[in-house]
Amino acid sequence: MENFELNYSLKRSKRKTLGIEVNHKGEVIVTAPDYIPMDKIEEVIQKRRSWILEKVKEKEKNLQIQPKRKYLSGESVYLFGRQYYLKVIKSNDYYVEMAHNRINFYVRDLDEAEAKVTEYLDNEFRSLIAYKTAECLETFQDRYSIPLVPEFKIRKMAKRWGSCTKDGVINLNPTLVAASVECIEYVIFHELTHLLHHDHDEEFFRTLKSVCPKYKELKEKLEKETVLFED
Ligand SMILES: [Zn+2]
């Protein structure tokens, strides 16, 4: 791993400090102000080398586990715990029709289907998250005073449904779009509880249970629903 060549792109910017970022494709982007010379930049990169390589590996792994979907007619998608069969139909206008257990996508070009279905699922998830997080936060705040108001973000993660940072950023995995709404609520409550209790200790579960009494059951259900989109 130490001999691994480290490629990066350098962006000069007006910021005052040097920043290193690894994007979702595992590309390393270094941002530095004009006055920092190249050899100094190289030095910082070498110092943080193992951290950077670890991040690159992590991001590349994330990319690999994202299922490759083509979204063709006859395939199915999972939306909020239910399975729907897809039908892709050529049409002059783009629109979506939902009926019972099917979703029909009317697209100008069949090659567009994949992008359109992905966009559709993303939008569905975003709108659910927008009001569910507000709802869960209200329930949580009725009982507990929290040190800071969390910021919710949607972020792809390799093996986690959600995460909560020290600064109160709660990340939710977009693959949760396949899970039932009550399981998504469980994830939101779980992460909100981390604002008060960092570890999964007794206090953590006592708090979680008070806002989400069925948490154990929902966690198991979520694990089963996970299987649905890993194949
Ligand atoms: Zn946790």
Side-chain angles (χ1 to χ4, degrees), residues 20-26 50-67 78-82 121-122 124-231:
I20 302 171
E21 184 210 337
V22 181
N23 72 12
H24 71 285
K25 287 183 190 160
S50 56
W51 176 87
I52 298 170
L53 290 179
E54 200 181 296
K55 285 278 159 208
V56 171
K57 261 173 80 179
E58 190 187 304
K59 303 283 172 168
E60 283 175 348
K61 212 165 115 202
N62 278 6
L63 277 182
Q64 283 160 15
I65 68 153
Q66 296 308 324
Y78 293 90
L79 178 65
F80 304 140
R82 286 188 59 189
L121 293 176
D122 279 354
E124 288 293 305
F125 188 62
R126 263 167 218 287
S127 29
L128 179 91
I129 287 305
Y131 78 87
K132 270 296 157 201
T133 49
E135 223 176 73
C136 294
L137 182 61
E138 207 181 302
T139 308
F140 201 82
Q141 278 180 314
D142 279 347
R143 282 169 175 266
Y144 303 101
S145 71
I146 48 174
L148 41 84
V149 177
E151 186 192 341
F152 290 93
K153 285 186 180 169
I154 294 172
R155 189 182 144 211
K156 277 186 184 168
M157 290 171 279
K159 285 184 185 123
R160 288 184 300 175
W161 295 120
S163 68
C164 179
T165 70
K166 281 200 193 88
D167 322 314
V169 176
I170 293 182
N171 294 303
L172 298 168
N173 199 323
T175 44
L176 280 170
V177 71
S180 326
V181 174
E182 55 178 359
C183 291
I184 299 174
E185 278 175 3
Y186 151 74
V187 176
I188 297 170
F189 280 127
H190 181 117
E191 300 311 331
L192 283 171
T193 306
H194 277 309
L195 292 173
L196 298 178
H197 307 287
H198 181 264
D199 298 315
H200 293 142
D201 54 15
E202 239 176 84
E203 277 298 307
F204 174 90
F205 288 110
R206 198 174 304 146
T207 306
L208 175 57
K209 192 174 178 181
S210 71
V211 285
C212 184
K214 293 199 297 176
Y215 79 92
K216 273 189 192 159
E217 202 183 298
L218 292 174
K219 183 174 182 273
E220 279 171 28
K221 189 177 173 190
L222 180 62
E223 278 159 6
K224 278 184 205 140
E225 286 175 346
T226 316
V227 179
L228 299 177
F229 46 92
E230 270 180 352
D231 57 11

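When a ligand or atom number is given, it counts from 1 through the structure's own listing order.
His194 contributes NE2 as its N, O or S atom closest to the Zn ion (ligand 1). His200 contributes atom NE2 as its closest N/O/S atom to the Zn ion (ligand 1).
None of the N, O or S atoms belonging to Cys164 lies under 2.8 Å away from the Zn ion (ligand 1).
Taking the six-membered ring wherever Trp is involved, the centroid distance between the rings of Phe204 and His194 falls below 6.0 Å.
A salt bridge links Arg206 with Glu202; the closest basic N to acidic carboxylate O contact falls under 4.0 Å.
The aromatic rings of His200 and His190 sit perpendicular, their planes meeting at an angle over 60°, well past the 30° parallel limit.
Residues Glu191 and Cys164 come closest through the heavy atom pair OE1-N, 3.4 Å.
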